Amino acid sequence: MKDENDGLAGAEGEERKLDFVRQIVADDLKTGKWNGVVCTRFPPEPNGYLHIGHAKSINLNYGIAAEFGGKFNLRFDDTNPEKEEQEYVDSIIADVRWLGADWQDRLFYGSDYFQQMYEWAVELIKKGKAYVCDLNADETREYRGTLTRPGKDSPYRNRSVEENLELFERMAKGEFPDGAKTLRARIDMAHPNLNMRDPIMYRIVHERHHRQGDRWCIYPMYDWAHGFEDSIEGITHSICTLEFENHRPLYDWFIDAVNEGRTDDGSGPWGRKIHHPQQIEFARLNLTYTVMSKRKLLRLVKERLVRGWDDPRMPTICGMRRRGFSPEAIRNFCKLIGVNKFNSTVEIALLEHCLREDLNKTSARVMAVLRPLKVVIDNYPADQVEELEAINNPEDPSAGTRKVPFSRELYIEQEDFMEEPPKKFFRLAPGREVRLRYAYFITCTDVIKDAEGNVVELHCTYDPATRGGDAPDGRKVKATLHWVSARHARKAEVRLYDNLFTKENPDDVEEGQDFTASLNPDSLEILTDCYVEPALAEAKALDRFQFERLGYFCVDPDSTPGTLTFNRTVGLRDTWARVQQKGEAV
RNA sequence: UGGGGAAUAGUGUAACGGUAGCACGACUGACUCUGGAUCAGUUAGUUCAGGUUCGAAUCCUGGUUCCCCAGCCA
């Protein structure tokens with residue numbers, strides 16, 4: 001922790017630029033506002049899977065704790081039994097851990113504080129700051145007024161403390177049906193901030209809670225619960241997203257209401273003051289060509305528009321993991337996008353940059369042919385096999401080398417051959433010589449076609465003097481192709497992914513349509529006739545590789561020794577594809 | 001129309017009254033046994049109008065635009 005603390009200054013010793021949240025934390029540390037304590041938290045509601053937007057929050061909160069020598073809590077904000085499930089709790093724990101945030105032994109549940117919250121609610125009633133209201137949901141809305149018109153007081157607003165106490169107790173005992181009564185804060189029905197118009201603190205819900213069982217039938221609302229969850233845990237900086245800015249006055253009001261009549265030494269009538277954290281809001285992450293709201297992601301899953309929460313096209317953490325993302329790539333992305341107070345949309349290209357940057361350094365290279373074209377080396381002995389040495393990772397010499405089998409019949413990529421090549425096409429063509437990576441120079445001598453005129457097989461000759469890939473006479477070739485030996489290759493299925501949506505902003509649709517109208521029909525392409533080099537036979541789920549010249553690939557959990565299955569995480573930067581596109585554009 | 005926030009290259013983000021910088025993208029070129037990686041370079045910006053100041057992205061005034069709020073969701 002010490003090192004990272006020192007890391008406030010960059011490696012070169014220059015000041016690291018602090019985002020506005022870190023600036024606040026640094027200032028608080030300087031002024032001693034919290035006596036040198038820093039405590040943050042990530043407070044997900046277990047009603048969905050985590051996505052890349054949550055990763056931004058996790059990295060912010062955990063990063064601050066780590067950098068400033070503080071603590072980081074993982075806390076489930078499980079105050080609504082109707083939406084929350086253990087499945088989500090489990091997935092969130094796994095995802096936060098995978099992302100590398102360490103909460104040590106501080107895994108908490110807001111629902112564990114229900115009794116304390118209940119007692120504070122009783123205290124507010126006694127202080128005349130809360131009342132039981134019999135208005136139903138529709139009436140409550142009517143009484144609330146509108147953005148421009150003030151609300152009006154509930155007819156139940158002036159019940160006596162005794163009556164409120166009795167009614168609230170009976171609510172908690174389960175004497176009333178769902179929705180019959182609420183406990184509300186007595187603030188100001190004419191307040192310009194609607195959140196302050198006597199907000200509901202408790203509602204009646206006869207529903208089994210995933211942790212509390214049937215112990216409660218009244219459940220606290222977010223505004224009432226959240227500040228106390230932070231307070232109880234000693235959170236110093238309660239970091240949340242922009243839409244809660246309007247709720248901050250209420251966050252503060254509730255804690256101040258409890259603290260009224262309390263003192264620092266506990267001498268007053270209500271005892272010792274409770275901790276009052278500072279809420280700070282930042283802008284949530286938006287990414288081009290994807291959606292980030294839980295509601296929309298849930299819809300994609302429920303309507304089977306994707307294969308599930310962990311579909312590799314999803315921006316969920318589990319989807320990205322299955323796609324082949326590394327936590328490091330995601331962390332670095334979060335570092336680059338920064339933190340601010342205004343809505344912005346980050347280009348997916350930046351995420352892909354971070355991905356490639358990490359994968360380039362860490363992925364073992366391997367050869368695979370996605371769309372095979374058979375090549376016969378006519379002058380190579382029919383029963384000969386050579387083991388050629390290949391480098392596992394040019395970016396990491398310690399990764400060593402491996403042997404790749406070479407024989408007379410090979411597969412190369414269909415797109416690496418053109419019968420009538422345009423000027424800028426450097427790869428194989430009739431009469432042209434190219435290099436097979438780590439193997440030999442070959443020259444195309446004959447093209448075999450089927451009845452429709454499709455190229456189905458190539459005949460070539462090889463130059464035995466170029467073994468290993470270098471010509472002793474110093475002659476050069478303009479292209480190096482990847483290949484696999486037909487006899488030794490393993491068959492594989494490869495799933496290619498593209499953006500899930502065709503539009504930068506999927507919500508940019510015509511009247512009457514919704515974001516599903518922007519779904520990309522070509523976001524998944526399954527190739528079943530692929531060949532990979534034999535070294536891959538042992539690959540395990542989630543192992544990451546670079547298929548040379550093609551991109552980064554990851555073993556899908558569906559993969560079995562019999563049917564190897566890979567996901568394309570992201571392609572390599574492809575200069576040739578761009579040259580081609582420009583050619584088409586002209 | 002009430003209240004709360006916010007505006008810096010195409011995108012994301014710095015500059016805290018003193019030369020508007022960085023990253024991604026795009027485009028050149030060098031190098032290369034991955035048309036990858038790497039390296040060098042080019043491109044392009046302070047929402048607008050006033051004011052204060054020797055000096056304004058930064059301070060002040062006014063305008064414009066965008067986001068959030070009327071769940072017994074979080």
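Because the structure is a prediction, the values reported are computed rather than measured. Protein chains get the first letters and strands the later ones, always in sequence-line order, with residue 1 at the start of each.
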- Distance between P atoms of B:rC22 and B:rA15 (Å, rounded): 15 Å

- Task: With sequence neighbours left out, write down each residue that passes ring pair (Phe, Tyr, Trp, His ring centres under 6.0 Å) with A:Y531, or none if nothing qualifies.
- Result: A:Y411

- Message: Give me the distance, rounded to whole Å, that separates B:rC68 from B:rG36 when you measure between the P atoms they each carry.
- Response: 42 Å

- Assigned chi class of B:rG71 under the 90° convention is syn

- Starting at the 5' end of RNA chain B, which residue's closest nucleotide do you reach first, A:D470 or A:L572? A:D470

- Message: Could you tell me how far B:rU64 sits from B:rA26 if I compare only their P atoms? Round to whole Å.
- Response: 39 Å

- Upstream residue (5' side of RNA chain B) when A:W576 and A:D19 are each assigned their closest nucleotide: A:D19

- Item | Nearest-Å distance for atom pair CG/P, residues A:L359 and B:rA37 | 13 Å

- Message: Using the C1' atom as the point on both nucleotides, what is the distance between B:rA20 and B:rA30, in whole Å?
- Response: 30 Å

- In terms of side-chain heavy atoms of A:E395, which of B:rG36, B:rG4, B:rA7 is nearest? B:rG36

- Message: Tell me whether the NZ or CZ atom of A:R211 lies within the 45° cone about the ring axis of A:Y109 and under 6.0 Å from its centre.
- Response: yes

- Checking all strands, does A:R365 fall into the base, sugar-phosphate, or nothing category for heavy-atom contacts under 4.0 angstrom? base

- Message: Taking only the C1' atom of each, what is the distance from B:rG17 to B:rG51 in whole angstrom?
- Response: 15 Å

- Query: How would you label the contact of A:F425 with the nucleic acid (heavy atoms, under 4.0 Å): base, sugar-phosphate, or nothing?
  - Reply: base

- Item | With sequence neighbours excluded, residues passing ring pair (Phe, Tyr, Trp, His ring centres under 6.0 Å) with A:Y462 | A:Y380, A:Y440

- Quick one: label A:Y219 by what it contacts on the DNA or RNA (base, sugar-phosphate, nothing), any heavy atom closer than 4.0 Å. nothing

- Message: Between A:I58 and A:L50, is there a side-chain heavy-atom distance shorter than 4.5 Å?
- Response: yes

- Integer-rounded Å distance: B:rU38 P and A:N393 CG: 13 Å

- Task: Specify the separation, in whole Å, of atom NZ of A:K361 and atom C1' of B:rU38.
- Result: 14 Å

- Rounded to the nearest angstrom, tell me the gap between atom CD in A:Q23 and atom P in B:rA14. 11 Å

- Item | Under 4.0 Å protein heavy-atom contacts per nucleotide of nucleotides 68-74 of chain B, with B for base, S for backbone only and - for none | BBBSBBB

- Task: Mark yes or no: A:K296 above the aromatic ring of A:F515, with NZ or CZ under 6.0 Å from the six-membered ring centre and no more than 45 degrees from the axis.
- Result: yes

- Task: With a 4.0 Å heavy-atom cut-off, tell me which residues in residues 544-554 of chain A come close to RNA chain B, sorted by residue number.
- Result: A:Q546, A:E548, A:R549

- Atom CZ of A:R437 and atom C1' of B:rG35 are separated, to the nearest Å, by 12 Å

- Task: Look at the rings of A:F42 and A:H54 and say which category their plane angle falls in: under 30° parallel, 30 to 60° tilted, over 60° perpendicular.
- Result: perpendicular

- Item | Quiz item: A:E281 side-chain donor-acceptor pair to B:rG4 base, under 3.5 Å | no

- Item | Contacts of type side chain to side chain donor-acceptor pair (under 3.5 Å), residue A:D77, not counting sequence neighbours | A:H226

- Who are the ring pair (Phe, Tyr, Trp, His ring centres under 6.0 Å) partners of A:Y113, not counting sequence neighbours? none

- In whole angstrom, give the distance that lies between atom CD of A:E415 and atom P of B:rG35. 11 Å

- Pairwise P distance for B:rU46 and B:rU58, with rounding to whole Å: 13 Å

- Who are the side chain to side chain donor-acceptor pair (under 3.5 Å) partners of A:Y202, not counting sequence neighbours? A:W224

- Item | Set of residues satisfying side chain to side chain donor-acceptor pair (under 3.5 Å) with respect to A:R427, sequence neighbours excluded | A:D416

- Parallel, tilted or perpendicular: ring planes of A:F553 versus A:F547, cut at 30 and 60 degrees: parallel

- Message: Under 5.5 Å centre to centre and under 30° between planes: does that hold for A:F426 and the six-membered base ring of B:rG35?
- Response: yes

- Query: How far does the C1' atom of B:rU43 sit from the matching atom of B:rG21, given to the nearest Å?
  - Reply: 16 Å

- Inter-nucleotide P distance (B:rA23, B:rA14), Å rounded: 15 Å

At a cut-off of 3.5 Å, list every protein nitrogen or oxygen paired with a nitrogen or oxygen from nucleotides 22-31 of chain B, distance to 0.1 Å.
unit_1, atom_1, unit_2, atom_2, d
B:rC27, OP2, A:R578, NH1, 2.9
B:rU28, OP1, A:K582, NZ, 2.9

- Message: As a test of your reading of the structure, name each stem of RNA chain B as range with range, where a stem is three or more consecutive Watson-Crick or G-U pairs at under 3.5 Å.
- Response: B:2-7 with B:64-69, B:10-13 with B:21-24, B:25-30 with B:38-43, B:47-51 with B:59-63

- Message: List the residues meeting ring pair (Phe, Tyr, Trp, His ring centres under 6.0 Å) with A:F325, not counting sequence neighbours, and say none if there are none.
- Response: none

- Note on the structure: In short, salt bridge (charged side-chain N to carboxylate O under 4.0 Å, His left out) pairs touching residues 391-405 of chain A with sequence neighbours left out are A:R402-A:E533

- Would you please indicate if the ring centroids of A:W576 and A:F425 are separated by under 6.0 Å? yes

- Short side-chain N/O contact to B:rU11 OP1/OP2 from A:T345, under 4.0 Å: no

- Query: Would you call A:R75-A:E229 a salt bridge at under 4.0 Å N-O?
  - Reply: yes

- Query: Rounded to the nearest Å, what distance is computed from the CZ atom of residue A:F20 to the P atom of nucleotide B:rA15?
  - Reply: 13 Å

- Note on the structure: Separation of B:rG5 atom P from A:F282 atom CZ, nearest Å, is 18 Å

- Looking at side-chain heavy atoms only, is the closest gap between A:F108 and A:L74 below 4.5 Å? no

